[in-house]
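Remarks on the structure that follows.
All chains are named by letter (A, B, ...) in the order of the sequence lines, taking the proteins before the strands, and each is independently numbered beginning at 1.
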Protein chains: 2
Amino acid sequence: MPRWSPDAALRLEAAALDSFEEHGFTDTTVPQIAARAGLTTRTFFRHFADKRDSLFLRDREFPQAVRDFLRSVPAESTPVATVQLGLASACRGVQGWRPQIARRQAIIRSEPALQERDLLRSHRLGLAIEQSLVERDVAQPQAHTLAAIAVTCFDLAIARWLDEPPDTDLEENLLAVWDDVRAVMEEGAGDGRGR
Amino acid sequence: MPRWSPDAALRLEAAALDSFEEHGFTDTTVPQIAARAGLTTRTFFRHFADKRDSLFLRDREFPQAVRDFLRSVPAESTPVATVQLGLASACRGVQGWRPQIARRQAIIRSEPALQERDLLRSHRLGLAIEQSLVERDVAQPQAHTLAAIAVTCFDLAIARWLDEPPDTDLEENLLAVWDDVRAVMEEGAGDGRGR
DNA sequence: TGCGTGATGACACGCCGTGTCGTCACTGTA
DNA sequence: TACAGTGACGACACGGCGTGTCATCACGCA
């Protein structure tokens, strides 16, 4: 039997989630979380950069997963189609985690510092998409804007999904949001922009 | 003569900017900034929520400015045209602040914690746009997506603007970015989305 | 048996951010 | 002149945050 249980980060994450739900984010101290996981404060900071980071353990692998998936899409696929394939794949991967995501989202909404951290998560995801598109020879500006739109759509789809019944399909929401975006942009295609 | 100089926040902001440039963000302590401005640490935290906040003093008025401007746009203007008018106005207002913005941006780029805070700034700006659009009877989902696109375009235009010669026109960059976005979205309008 | 490795504990420490109280110029009123 | 209210700031204490450093000990390996 090993001296140390090998799932320290996971236990800390669970302890943090429970503590935040019970006492709120601000009124929970790191020593409390660590003790709940049977570890010390110092060990907490070996696994997480700060207190907020304990809520974002799962997101660390996402950027790499994005890159891996987009590399698997045939080169003939257009940029937009490629991104849509990626988002659809992400939907399928996330679909089963709804309860955990809902718990986390509720805590994030309650604390500005966590919303801030959540924005960084979205940003990093967008960066991964952008880089993968550039690897596929998409021009930098187009890659950037397309990645930004993709992340915006995905986050909005998640938000709507969490507001609906638990058995709702995330991918359906995503397609609806995507149509909204295109409709908005096309609506203003020919108006007076003073050019 | 007043006992206290009335520009404490501005002096603290300047002291912080100088200190960050000289020693870096992490190696600058709040007492250092306060002393440089001729004030105490406690007073620093009366004007700023935290150390990072001292770089974002000017942005506090932006959301209200957005709302004020969008309320002045005629009701007949379409949502997209309204947003474009707002962005153009913002460009004209920002155009003269290029040196200060460049200094600040350089510091922000050097520190993840500041990038995070900068994302919150963008987010709040988007929220203000969204709310103003909803006031103009734009549907909530369309308002959200349009606001997100607007902020994305604006931030990208600023980034490109800072990379170009000092006399470049920000509004020209913005229009170019906007065209990119629409081109990207229309390119994928009729492809195989599996629907 | 001995050695290297790696995760954890233990401890100290400086900085962050807040609560609280006192100080004092400024303002308005009479 | 007098005097109370206001509001910005200084002074001080304090708990929590996050890091540097060294000791401990199971594990794998030879």
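Residues passing the ring pair (Phe, Tyr, Trp, His ring centres under 6.0 Å) test with A/Phe48, sequence neighbours excluded: A/Phe44. Annotation: side chain to side chain contact (heavy atoms under 4.5 Å, CB included) contacts of A/Glu76 (sequence neighbours excluded): A/Pro74. Under the ring pair (Phe, Tyr, Trp, His ring centres under 6.0 Å) criterion, A/Phe25 pairs with A/Phe20, sequence neighbours left out. Residues that satisfy the side chain to side chain contact (heavy atoms under 4.5 Å, CB included) test with A/Gln100, not counting sequence neighbours, are A/Trp97.
The side chain of B/Thr40 places an N or O atom within less than 4.0 Å of a non-bridging phosphate oxygen (OP1 or OP2) of D/dG10.
Listed by first and then second residue, the salt bridge (charged side-chain N to carboxylate O under 4.0 Å, His left out) pairs involving residues 80-99 of chain A are A/Arg92-A/Glu171 (not counting sequence neighbours). Evaluation of the salt bridge (charged side-chain N to carboxylate O under 4.0 Å, His left out) test over residues 148-165 of chain B, restricted to residues two or more places apart or in two chains, returns B/Arg121-B/Asp155, B/Arg160-B/Asp180. Residue pairs meeting the ring-ring contact (aromatic ring centres under 6.0 Å, His included) criterion with at least one partner in residues 112-159 of chain A, sequence neighbours excluded, do not occur; the list is empty.
Note on A/Glu13 versus A/Arg58: salt bridge recorded, some NZ/NE/NH1/NH2 to OD/OE distance being below 4.0 Å.
Atom CZ in B/Arg42 sits roughly 15 Å away from atom P in D/dC12 (whole-Å rounding). In this structure, A/Leu12 atom CG and C/dA7 atom P are separated by 14 Å, rounded to whole Å. When rounded to the nearest whole Å, the span between CZ of A/Arg52 and C1' of D/dG18 equals 13 Å.
Listed nucleotides D/dT21, C/dC15, C/dT8 differ in distance to A/Leu39; the shortest reach to its side chain belongs to C/dT8.
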Please list every donor-acceptor pair under 3.5 Å in which a side-chain atom of residues 107-115 of chain B meets a protein atom from a residue at least two apart or in another chain.
residue	atom	partner	partner atom	Å
B/Ser110	OG	B/Ile107	O	2.6
B/Glu111	OE1	B/Thr26	OG1	3.4
B/Gln115	NE2	B/Arg109	O	3.1

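Applying a 4.0 Å cut-off to non-hydrogen atoms, the residues of residues 30-37 of chain B that approach DNA chain C are B/Val30, B/Pro31, listed by residue number. Of the residues in residues 44-51 of chain B, those lying under 4.0 Å from DNA chain D by heavy-atom distance are B/Arg46, B/His47.
The distance from the CD atom of A/Gln105 to the CG atom of A/Leu162 is 6.0 Å, given to the nearest 0.5 Å.
When hydrophobic side chains of Ile, Leu, Val, Met, Phe, Trp and Tyr are connected at separations under 4.5 Å, B/Leu119 ends up clustered with A/Leu119, A/Leu120, B/Leu120.
Using five terminal pairs a side, the axes of the helix from C/dT1-D/dA30 to C/dA30-D/dT1 at its two ends make an angle of 10°, given in steps of 10 degrees.
Residue whose closest nucleotide on DNA chain C sits further toward the 5' end, between A/Gly38 and B/Thr41: A/Gly38.
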